[in-house]
There are 2 protein chains.
Amino acid sequence: MTKIRNMEEFARLTGISRPTVSKFFNDPASVRVSTRNRIEKALEQYDYRPNIFAINQNRKLTKNIGILVPYLADPFFAEIARKIERRCIDAGFWPILFSAHGEQKTENDILDSLRSLKPAGALLAPLGRRSDRAALEQFCRAVPTVLFDSNIEGIGTAFIGSDNAHFVGQIVEYLCRTGEPPCFFEMQPVNPNANKRRNAYIAVMERLGHVPNVLRVEGGGWDFEKVGYEGALAMLDANRLTTNTVLCSNDRLAIGFLTACYERGLKVGYAEGCALRVAGIDDHPFSRFTCPPLTTVAQDYESVSNRSTETLFQLIDSDGPPATRVEMLFEGRLVMRASA
Amino acid sequence: MTKIRNMEEFARLTGISRPTVSKFFNDPASVRVSTRNRIEKALEQYDYRPNIFAINQNRKLTKNIGILVPYLADPFFAEIARKIERRCIDAGFWPILFSAHGEQKTENDILDSLRSLKPAGALLAPLGRRSDRAALEQFCRAVPTVLFDSNIEGIGTAFIGSDNAHFVGQIVEYLCRTGEPPCFFEMQPVNPNANKRRNAYIAVMERLGHVPNVLRVEGGGWDFEKVGYEGALAMLDANRLTTNTVLCSNDRLAIGFLTACYERGLKVGYAEGCALRVAGIDDHPFSRFTCPPLTTVAQDYESVSNRSTETLFQLIDSDGPPATRVEMLFEGRLVMRASA
DNA sequence: CCGATAAATTTACGCGCGGCAAGTTTTTAT
DNA sequence: ATAAAAACTTGCCGCGCGTAAATTTATCGG
């Protein structure tokens, strides 16, 4: 079993010309069955793999797909990134995962790095409010891009996300139906979803004939649990809650809220003897393990990741962006647990 | 501002020969100051970047560093991966992050992909029990590799991890000092750390004159919270607990345990009226937000990531592996919260 | 100011593959 | 059986850069 240096050598061993072998590696279905079998047999025997750098240098378009999430330490993004990676691999692409770690500079650096990888396309979940719009625009001019999770108007050729209005409608209606109308617990919005959720909350409450009550707490960044915890403590101690039902802008805030309630000895839930009901939005991977488990609206991870990748694949196949920018929103599923 | 196609064109614009420009990009300090200034000035003006694929094709060794973690959806690994990435970038390398998603096949596939990237080195946190030892050995023969978090004897040229004996010693002594000696709550071990922790628990208990009590629950995989939750429910309902103090093999198991306790109406903590004390090991990012917040032993993320990367950098600089395989273990810090 | 030496720079070649054109063989259809 | 189509081979160029060897330029003591 000799060491094979390049495709030339490998081709010689198979008795097939190099261009045909090259064709095989680009698409095994593009060569005759008999040829394919001979190459595959040799492949088992000699363990040769084309040099990925030489391939990417010469192909006009690589098979790379860049994936960028704002904050990978959030299991929500870890989970959706995992699904997207899987689908890219299955489609014959080479996904490369990046996290902006919540910082604009990092996001911009990554966009730069990504561009030098000459990717066939990119799936971006931008930071949102902290994103550098100009940098994103420039990137999208060079690379076919689909945005997901966090929408930025006019950026990318498509956006796949969640129907925040529907999410909020579901949970607010549920809460109103089963108890006191909720107040809305939020922090300074980091992305458009947070704004849409607040506005949807206000709209739904008014539609149902209730007075909306938005409680904004201090603190920013991506350490949501901490912000929620500290904000909740301050709010509880100052007695600023005018209802026994709290809808948090997202699950991670809710997790912090629950911690604060526990610390103050307030029992959370809908059962007898409970002081408060707390609900979230997202169905974060950890939400079923909070105390009590968190009532929330589940993001449709599966659909979002599927549609995002498929939209990008279509975009890659059909050269030239479509006439209109597409936005696709998925509905959520109410997940009733013990907290509300 | 014309578009620059390659280094040739760029070099012409600066009036310097291409190889000298190439030298500059590999190490700006290796060219004369006057030359450097001219290039840097042109760089601001023309926005040229060398083609990464052409670079990597020709360099005997790339600047890539592969990072592999067993399960990126675990914020612990997300966090340590983030720190490692940062340090690689600062050192002028190009980190590429992969997750095995808890599966051997994925881990092996990634090792293959990684090898074709001809990385200067790799930082691996192997799956552990599920890892394919032969595949890892083969990989390590081709790539300078440092293992972290999870040790596999004889694999890689160094291992950087945690001193599980010290971790367990600290928390067991604390628990014994402040209440009943703990039992040890574990699942089927996924990696050597779990085994070391159990054995350390037994040793410490015996040293302190107590009878060790290991409770193993059903269930495998990487869904630790779920395993802990279901295992705890079964254990509580069958009344198999002979002590009021539970030390969980890791924080994620403990999180599940707390959820089960909450569901059964058992108050956890050391305060008056509490039925159980529960402690974990790791200081998982979410452990301070459980109800009650989790007493645990904190991993020294910072030191582990720092030493891992620095060890690898040294290994890369000095060609040829060192005479002996180094193992470096960091101690933990007891984090006292309300749960125990 | 000269020659020796080190540093900087240029010359020339190679890396491994994609892609094209023209010619040859095999397969498929009539 | 024969013509047309499909698959394959040969031969060559180009991609954008790294790098060893050759050449030039700078440095410095005398």
Side-chain angles (χ1 to χ4, degrees), chain A residues 2-40 42-43 46-64 92 94 113 115-120 319, chain B residues 2-40 42-43 46-64 92-94 115-120 319:
Chain A
T2 49
K3 191 76 187 174
I4 294 167
R5 312 193 139 275
N6 54 36
M7 199 181 278
E8 183 78 49
E9 270 187 38
F10 177 75
R12 196 161 359 191
L13 288 169
T14 66
I16 298 173
S17 74
R18 190 185 64 74
T20 302
V21 173
S22 168
K23 228 181 145 203
F24 165 85
F25 278 110
N26 281 319
D27 179 11
S30 69
V31 300
R32 224 182 340 235
V33 182
S34 59
T35 313
R36 182 159 67 232
N37 289 339
R38 281 168 65 191
I39 295 179
E40 279 167 350
L43 222 41
Y46 293 107
D47 177 44
Y48 161 76
R49 297 181 59 168
N51 182 308
I52 185 94
F53 301 112
I55 292 175
N56 282 332
Q57 177 179 12
N58 294 308
R59 244 203 292 256
K60 24 191 98 166
L61 215 57
T62 72
K63 282 285 194 174
N64 298 330
W94 183 303
S113 302
R115 215 151 25 136
S116 68
L117 288 174
K118 301 194 198 308
D319 45 13
Chain B
T2 50
K3 190 78 185 173
I4 294 167
R5 311 193 140 274
N6 53 37
M7 201 181 275
E8 184 79 47
E9 272 187 36
F10 177 75
R12 197 162 1 201
L13 287 170
T14 66
I16 300 172
S17 76
R18 189 186 60 73
T20 300
V21 174
S22 167
K23 227 177 149 211
F24 165 86
F25 278 111
N26 281 317
D27 178 11
S30 70
V31 300
R32 226 192 325 247
V33 181
S34 59
T35 313
R36 180 160 68 233
N37 288 340
R38 280 167 67 190
I39 295 177
E40 279 167 350
L43 220 43
Y46 293 107
D47 177 44
Y48 159 77
R49 297 181 59 170
N51 180 309
I52 187 92
F53 300 112
I55 291 176
N56 283 331
Q57 177 179 13
N58 296 308
R59 245 204 291 255
K60 24 189 93 166
L61 216 59
T62 71
K63 282 287 196 175
N64 297 330
F93 288 95
W94 183 303
R115 218 153 20 138
S116 69
L117 288 174
K118 301 194 198 307
D319 45 13

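Naming: A, B, ... by sequence-line order, numbering from 1 per chain. Every value quoted in this text rests on a predicted model; they were computed, and no experiment measured them.
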Which residues pass the side-chain hydrogen bond (donor to acceptor under 3.5 Å, both in side chains) test with [X], sequence neighbours left out?
| X | result |
| --- | --- |
| A:T14 | none |
| A:N58 | none |
| A:T35 | none |

Could you please name the option among D:dG18, D:dC17, C:dC17 that lies closest to any side-chain atom of A:P50?
C:dC17
Within this structure, what is the [atom1]-to-[atom2] distance between [X] and [N], rounded to whole angstrom?
| X | N | atom1 | atom2 | result |
| --- | --- | --- | --- | --- |
| B:Q57 | D:dG18 | CD | P | 11 Å |
| A:K3 | C:dG16 | NZ | P | 12 Å |
| A:E8 | D:dC12 | CD | P | 13 Å |
| A:F53 | C:dG14 | CZ | C1' | 18 Å |
| A:R59 | C:dG16 | CZ | C1' | 13 Å |
| A:N51 | D:dC17 | CG | C1' | 13 Å |
| A:I55 | D:dG16 | CD1 | C1' | 16 Å |
| A:N56 | C:dC15 | CG | C1' | 15 Å |

Non-hydrogen atoms of A:T62 and A:A120 that approach each other most closely
O-CB, 3.2 Å
Taking only the side-chain nitrogens and oxygens of A:N26, find out if one of them lies under 4.0 Å from OP1 or OP2 of C:dG18.
yes
Any B:Y48 side-chain N or O less than 4.0 Å from OP1/OP2 of D:dG16
no
Hey, could you give me each pair passing side chain to side chain donor-acceptor pair (under 3.5 Å) that has a residue in residues 18-29 of chain B? Not counting sequence neighbours.
B:S17-B:T20, B:N26-B:R59
Tell me, please, which residues at least two apart from B:R12 pass salt bridge (Lys or Arg N to Asp or Glu O under 4.0 Å).
none
Is A:N58 side chain donor-acceptor paired with the C:dG19 base, going by distance under 3.5 Å alone?
no
Under 4.0 Å protein heavy-atom contacts per nucleotide of nucleotides 5-10 of chain D, with B for base, S for backbone only and - for none:
--SSBB
